[in-house]
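Down below is the structure, laid out as structure tokens.
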Amino acid sequence: MANENEIPDFPTSITPQSQDFGRWYIDVVRRAELADYSPVKGCMVIRPYGYAIWELMQQGLDKRFKATGHVNAYFPMFIPESLFMKEAEHVEGFAPEVAWVTHGGKEQLEERLVVRPTSETIIGTMYAKWVQSWRDLPILINQWANVVRWEKVTRLFLRTTEFLWQEGHTAHETAEEAEEETRKMLGVYKEFAQTELAMPVMDGLKTESEKFAGADRTYSIEALMRDGRALQAGTSHNLGQNFAKGYDIKFQARDKSVQYAWTTSWGVSTRLIGGLIMTHGDDGGLILPPRIAPYQVVIVPIPRGNWKETVLPKAQEIRDALTALGVRVMLDDRDSQTPGWKFNEWEMRGVPLRMEIGPKDLEKQTVVLARRDTREKSFVPMDGLAPHVVQLLDTIQQALFERAIAFRTEHTSSTGSYDEFKATMEGRPGFVISPWCGSATCEAEIKTETQATIRNIPFETDAVPMAGQTCLKCHAPATTLAWFAKSY
RNA sequence: CGGGGCGUGGCUCAGCCUGGUAGAGCACUCGGUUCGGGACCGAGGGGUCGGAGGUUCGAAGCCUCUCGCCCCGACCA
């Protein structure tokens, strides 16, 4: 059924990935109308098409949070300075990048307010009021919010002064429960990224130097972008009793003693959109996995003769049939653009499947389906079309995931030789798994010399015997394996 | 925060060196013919050249200051 229609090169203002990946990324974001620069320094505008992707992410995540027992709430974006300052490590980590509110109207405030860079402090304060007894635990709350971090350098979706995210904040009775929660939510992120975004991720533990300011342990999921660099796509923190002590979250335990609660926090942000773009996109622009695509199918009618009386009604009928099956469809019936223009436009915007329908199709009772991922075109009978499309979308979702896995596999290696490691980190590096002694000094030196950082430490390591293995850098006995990569 | 680059119709840019009162392509509006891989013809609209000051008979252009943005490095979701 598939034929080999050549796709001619078409003029495009998107820089090829091989020429300049960073430029390619910006071009795609802007040309696909995902986001635009705003008049506010470091802040972007998320345009409707980009926001639609975020809404789908929100739905997919929110469903999973609810399914694991969490509820949503909302806390203020302003945090009084005195409150913010209570957890020392946290302050040290975030103080350099917080925005301050100093005035209300013309009046100088008695106490400055921090615009939240994250909400552990304000939420911890509230939890302290809400928790008296072990019966009040656990508290499993998530918040969808914006946060502000005064970054020096910004990049659309990946790093902006203000960004959207969700932050889960939980409080538990025991250390074990908190650890279980921390890992469970990392698992939720991993499953979400792989199932919905078709984005394979490495999960594991962050090193001491990379963990969240104020956490005992930070876990992350790390994805590999098509330029061979890693992107931290989500984090889950076990905060131990650090914030409970700083914010006085105490309860009377089952044994009548008074205990500090064990808290966690976890978050993913609109950065995931950047990850999505750089995981799947090609020189034609965006490629969206069907499950996260605002439009899964675009129908392009071929306008000829009295098409508005013949082709268009059929196109509408097909659209309605697809919509009835839950497919997100765009019928592009604009007569201001030619079909060829629309083909390129919607490909550039990443729509997984295009359907062409014209007079010839009406005669033959078929339509043309063109896949964005493989660019294959096929003729498909109108009879049974809608279920066929549903199935094909599923196939595309799967194919994209497999392709991403294959790419990551090609760009993943293992070495204990520092020379080999350095060679790999030139060009389009990817992930390298290597033995490490656990010292921050080696970690820092490796970073200085190669720009590569430890993304995380794989869970499987627990079971791997490290005897006889020596650190990549210093050759002291290794304590663990670690995933290294250059990162965003 | 260090280094580099750039601000001229909506967008990308030319013009600046060598001052003489603003252009191209795309986009947009109207009319018509088209439409199965970025159509064509015709007619139009739109810019106090980032801002301030200076030099000059005259400044987009030269000088000074200033603001903003982008890129590359050190820090971060």
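To find a chain, count down the sequence lines: A is the first, B the second, and so on, and within it residues start at 1.
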Hey, does the Lys NZ or Arg CZ of A:Arg116 hover above the aromatic six-ring of A:Phe78, less than 6.0 Å from the centre and inside 45° of the axis?
no
Taking RNA chain B as the partner, which of residues 356-370 of chain A come within under 4.0 angstrom of it by heavy atom?
A:Glu356, A:Gly358, A:Pro359, A:Lys360, A:Asp361, A:Val368
Quick one: is B:rA39 close enough that its OP1 or OP2 comes under 4.0 Å of any side-chain N or O from A:Thr338?
yes
Give each protein N/O atom lying under 3.5 Å from an N/O atom of nucleotides 4-14 of chain B, with the pair distance.
none

Does A:Lys486 have a side-chain nitrogen or oxygen under 4.0 Å from the phosphate oxygens OP1 or OP2 of B:rG73?
no
Ring geometry between A:Phe459 and A:Tyr219 (parallel below 30°, tilted from 30 to 60°, perpendicular above 60°)
tilted
Comparing A:Ser487 with A:Ile302, nearest RNA chain B nucleotide closer to 5' gives the residue A:Ile302
Atom pairs, protein N/O to nucleotides 67-71 of chain B N/O, distance under 3.5 Å:
| from | atom 1 | to | atom 2 | distance (Å) |
| --- | --- | --- | --- | --- |
| B:rC69 | OP2 | A:Lys41 | NZ | 3.2 |

Tell me, with the steps shown, if A:Phe484 and A:Phe421 meet ring-ring contact (aromatic ring centres under 6.0 Å, His included).
CA-CA 9 Å; A:Phe484 288 85; A:Phe421 181 90; 5.1 Å; yes
Have a look at A:Asn142 and tell me which of A:His70, A:Gln166, A:Lys66 forms a side-chain hydrogen bond (donor to acceptor under 3.5 Å, both in side chains) with it.
A:Gln166
Answer yes or no for A:Arg271 and A:Phe157: cation-pi contact, defined as NZ/CZ to six-membered ring centre under 6.0 Å and angle to ring axis within 45°.
no
Consider the side chain of A:Arg354, meaning its heavy atoms from C-beta on, and name the nucleotide among B:rC76, B:rG37, B:rG36 that approaches it most closely.
B:rG37
A:Trp54 and ring pair (Phe, Tyr, Trp, His ring centres under 6.0 Å): which single residue from A:Trp165, A:Trp144, A:Phe163 fits?
A:Trp144
Mark up nucleotides 40-45 of chain B, 5' to 3', with B wherever a protein heavy atom is under 4.0 angstrom from a base atom, S wherever such an atom reaches only the sugar-phosphate, and - elsewhere.
------
Strand-adjacent residues in residues 303-316 of chain A, judged by heavy atoms under 4.0 Å from RNA chain B
A:Pro303, A:Arg304
Is it true that a side-chain atom of A:Lys206 and a backbone atom of A:Arg455 form a donor plus acceptor pair closer than 3.5 Å?
yes
For A:Phe163 and B:rA77, is the gap between ring centres under 5.5 Å while the planes differ by less than 30°?
yes
Just checking, any donor-acceptor pair under 3.5 angstrom between side chains of A:His237 and A:Ser265?
no
I'd like to know whether A:Arg319 forms a salt bridge (charged side-chain N to carboxylate O under 4.0 Å, His left out) with A:Asp333, so could you lay out the CA-CA distance, the side-chain angles of the two residues, the decisive distance to 0.1 Å, and finally the verdict.
CA-CA 12 Å; A:Arg319 175 195 59 194; A:Asp333 58 0; 5.9 Å; no
Tell me, please, whether A:Phe343 has A:Arg354 positioned over its six-membered ring: NZ or CZ under 6.0 Å from the ring centre and within 45 degrees of its axis?
yes
Taking only residues two or more places apart in sequence, or in another chain, which ones meet A:Lys308 in a salt bridge (charged side-chain N to carboxylate O under 4.0 Å, His left out)?
A:Asp335
